[in-house]
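To keep things clear, I will list the structure first and then write my remarks on it.
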Amino acid sequence: MIHKVRVRFAPSPTGPLHIGGIRTALFNYLFAKKHQGTFVLRIEDTDQNRYVANAEKYIIDALNWCNIPFDEGPNKNEKFGPYRQSERKDIYKQYANYLIKNNKAYYAFDTTEELDFHRKDYEAKKKTFIYNWHNRKKLNNSLTLTEKKIENRIKNGDKYVIRFKTPTNQTLIMQDIIRGEIKIDTNVLDDKILFKSDGMPTYHLANIVDDHLMKISHVIRGEEWLPSMALHILLYKAFDWKVPEFAHLPLILKPTGKGKLSKRDGDKLGFPVFPLAYLNQETNETSRGYKEEGYFNDALINMLAFLGWNPGTEQEIFSLDTLVQKFNLQKVNKAGARFDLDKTKWFQQQYLQQKSNATLAKLFKHDLDNREDSHFHRNNNLVYITKVVSLIKERAIFVSDFWNLSSFFFLAPTKFDTKATKKVWKEGTAKLMQELILVLNEISNFSSKNVETVVKGWITKKEIGFGKVMQPFRLSLVGAMQGPHLFDIINMLGKKETISRIRFAINYL
Ligand code: GLU
């Protein structure tokens, strides 16, 4: 029988999600949707010291912006809720107690000082202190105390944690969908703390209790959790629960050099590592976000899908729907996936080119309306802007590039590129431009094609090089030697504006 697919994304709200977190969420989302399953968001906020108040909102906003919303989670379809671990506190204690009762966990009363002492003692002997089968009987815990004594110590208010009594002398054989079979000798594991002295469970206990209670079928998460897999499986076994399937996603590596992409790399290397900008309320510093830098959400998602996965074909552009169809956990790589800023920009460029001129024009109009000089813009309407976009978009990566590529469609140049002027505005140019004005004045059909035919005909008849006219002509209209096909510009500006710009250039230069 195929069980219903239920996966979860379980971030800790310790700050903004970095794009690695979004990639984990994405792979969970794709897997869930592919199998008509459910994508759950669970907020793992058991570590009160690292809790950041606005992080949960950030996480939810980011998933929504990326268009990968969760099906169940805080304040949404709370069938298995609550979905914040801090609101599930009472649940975990029962399970910790169950393990103690069944001799699978024990109370440990060791103080920080005692543990420090042991650590230093081991270090002096060039060994590492591990709290497990080989020394647990010699340490300060309930394994060597009578029930009465344990009860008294707890009643006295002695601080304790609950540790897992890791089974000994077993070779644990585990399966990971991406990594295959992994074997581990349980004797090398330590007796991890499951329940802390502050009355909160640790990540390990809360995580597996919740995955069980929320009926999670597949645990898909980052490679950094691979070392916890053995403990988690042993815990499922200790409870006699069905073990979910596991898939540990490859790390996302820095663009160059060693190590994984970290939250700090964004500021260091000059590109965003967060989906949305984030204001750190403690330091009042804002980190850059993909959204605010002008990336499209679908471009970011497409790029992230390829960090660790590929369809096995040449195709690189995938809508979210096709990603859902094509995605396959088995095809996820084991090796770390290197983040590549140029590739990210390439995806953005592809998505920008794919968008309709009308869609882009709306976005561009928004930018135009927000400019200080917007009052002076000519033809600031969507029909005109859509045409402008059609002429310049192939050179753009972001909508924010549009202005630099097209300002002359909205504002007449008031100064001229010095280098270009030196190169193209020679002796005799002014006179030529005067003549050009006369030629243009005679044209009644100002279509791009017609103006081109007439002007080129006139140049040919004069037996001078095209450049002699066309270059200063462009400089007059644009202010620099850039822009799309000159006759398309002329057509957009119209006769009056075209002539007036040439006149201005003649007077100015
Ligand atoms: N709370 C963990 C994290 O922050 C979740 C790990 C897991 O998915 O099991 O990534």
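Remember, it's 1-based here, ligands and their atoms both numbered in the order they're listed. Computed from a predicted structure; not experimentally measured.
- Aromatic ring centres of Y160 and Y107: separated by under 6.0 Å.
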Start with the C-alpha distance between D45 and S86, add both sets of side-chain angles, then the distance that settles side-chain hydrogen bond (donor to acceptor under 3.5 Å, both in side chains), and finish with yes or no. CA-CA 6 Å; D45 54 352; S86 58; 2.7 Å; yes
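- Each of K165, R136, R163 was checked for a side-chain hydrogen bond (donor to acceptor under 3.5 Å, both in side chains) with D191, and the lone residue meeting it is R136.
- A distance of 8.0 Å separates OG in S262 from CG in L269, rounded to the nearest 0.5 Å.
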List, pair by pair, the atoms of ligand 1 and of the protein that are both N or O and lie under 3.5 Å apart, giving the separation rounded to 0.1 Å.
{"unit_1": "ligand 1", "atom_1": "1 (N)", "unit_2": "A10", "atom_2": "O", "d": "2.8"}
{"unit_1": "ligand 1", "atom_1": "1 (N)", "unit_2": "S12", "atom_2": "OG", "d": "3.1"}
{"unit_1": "ligand 1", "atom_1": "1 (N)", "unit_2": "E44", "atom_2": "OE1", "d": "2.6"}
{"unit_1": "ligand 1", "atom_1": "4 (O)", "unit_2": "S12", "atom_2": "N", "d": "3.4"}
{"unit_1": "ligand 1", "atom_1": "4 (O)", "unit_2": "S12", "atom_2": "OG", "d": "3.1"}
{"unit_1": "ligand 1", "atom_1": "8 (O)", "unit_2": "R8", "atom_2": "NH1", "d": "2.7"}
{"unit_1": "ligand 1", "atom_1": "8 (O)", "unit_2": "R8", "atom_2": "NH2", "d": "3.4"}
{"unit_1": "ligand 1", "atom_1": "9 (O)", "unit_2": "R8", "atom_2": "NH2", "d": "2.9"}
{"unit_1": "ligand 1", "atom_1": "9 (O)", "unit_2": "Y203", "atom_2": "OH", "d": "2.8"}
{"unit_1": "ligand 1", "atom_1": "9 (O)", "unit_2": "N207", "atom_2": "ND2", "d": "3.1"}
{"unit_1": "ligand 1", "atom_1": "9 (O)", "unit_2": "R221", "atom_2": "NH1", "d": "2.9"}
{"unit_1": "ligand 1", "atom_1": "10 (O)", "unit_2": "W225", "atom_2": "NE1", "d": "3.4"}

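- In the model, N141 has a side-chain atom that pairs as donor or acceptor with a side-chain atom of Y131 under 3.5 Å.
- In summary, the aromatic rings of F9 and F70 are positioned with their centroids too far apart to meet the 6.0 Å limit.
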